[in-house]
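First comes the structure, then the notes that go with it.
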Amino acid sequence: MGFKARLIVNRKHGEVPQKEKNLRLKHAPHILVTTPEGLEIDLDWASKFRDFYKNVRWVIIDEVHELINSKRGSQLAILLERLKYFTGRDFQRIGLSATVSNENLVADFLFGSSDRKRSIIKLEGKRDFQIKVKKLTMDPGRTLPHLLLAQLNLLH
């Protein structure tokens, strides 16, 4: 028997059409993909959507290493603290990165004032992979490939 989670996922960043951004007002997403700037707009000016953040249980930050020692990182750190205060909840903060050199520095940045137990999960070693070209189509008159479809097969 299969299980369908039926989660609503919504994106809010510069490349997303306004129509898609507005859909989240009709159906609050379970997962929202946004930027520090988008979160700031929601907390400061989007009063219709702000209340949806009261249900936040997790915040996942991809490429967290890019935010350390940067203006956007400082902005995000403040926003996470504001979000914690606004929700009244010590939500779980999850940082993702493949290139962190100092895990403790990143953890200090990410966890901020959280009282949750900190856990750093570090995968050692490298993964071998193999790329197979499945189809290559070139437009007539062009010298560079127009379309390249590749399949990435991870080897265990």
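Position 1 is the first residue of the sequence; numbering continues from there.
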Review point. Going by heavy atoms in the side chains, are Phe86 and Val56 under 4.5 Å from each other?
Key: no
Does Phe111 offer a backbone N or O that forms a donor-acceptor pair with the side chain of Arg118 under 3.5 Å? no
Q) Taking C-beta and beyond as the side chain, do Tyr53 and Leu39 meet within less than 4.5 Å on heavy atoms? A) yes
Heavy atoms of Val64 and Ser97 approach each other most closely as CG1-CB, 4.0 Å
Can a donor-acceptor pair be found, under 3.5 Å and without considering hydrogens, that links the side chain of Asp42 to the backbone of Arg50?
no
Checklist entry - side chain to side chain contact (heavy atoms under 4.5 Å, CB included) between Ile94 and Val59: does it pass, once the steps are laid out? => result CA-CA 6 Å; Ile94 302 167; Val59 172; over 6 Å; no
Counting only heavy atoms not in Asp62, do more than 12 sit closer than 6.0 Å to its CG atom? yes
* Would you call Arg93 and Glu81 a salt bridge, taking side-chain N to carboxylate O under 4.0 Å as the test? -> yes
- Mind checking whether Val106 and Glu103 have side chains closer than 4.5 Å, heavy atoms only? no
Exercise. Heavy-atom distance under 4.5 Å between the side chains of Leu76 and Arg72, does that happen here?
Worked result: no
In terms of heavy-atom contacts, Asp90 and Ser114 come closest through OD1-OG, 2.9 Å
Separation between OG1 (Thr99) and CD (Glu63), nearest 0.5 Å, reads 6.5 Å
Check whether any side-chain heavy atom of Ile68 sits under 4.5 Å from a side-chain heavy atom of Leu105, and report yes or no.
yes
(request) Kindly say whether Arg89 contributes a backbone atom to a donor-acceptor pair with the side chain of Lys84 at under 3.5 angstrom? (result) no
Closest non-hydrogen atoms of Phe109 and Ala77, given as atom of the first, atom of the second and distance, are CE1-CB, 3.9 Å
| message | Are Glu66 and Ile61 packed together at the side-chain level, in the sense that at least one heavy-atom pair is separated by less than 4.5 angstrom? | response | no
Quiz item: Is there a donor-acceptor pair closer than 3.5 Å between any side-chain N or O of Arg57 and the backbone N or O of Asn55?
Solution: yes
Check: Is there side-chain contact between Ile60 and Leu96, with heavy atoms separated by less than 4.5 Å?
Finding: yes
Requested in this report: Take Leu110 and Leu67, measure what side chain to side chain contact (heavy atoms under 4.5 Å, CB included) needs, and give me the verdict at the end.
Outcome: CA-CA 10 Å; Leu110 180 63; Leu67 299 172; over 6 Å; no
For Pro36 and Leu79, the nearest pair of non-hydrogen atoms, with its separation, is O-CD1, 3.1 Å
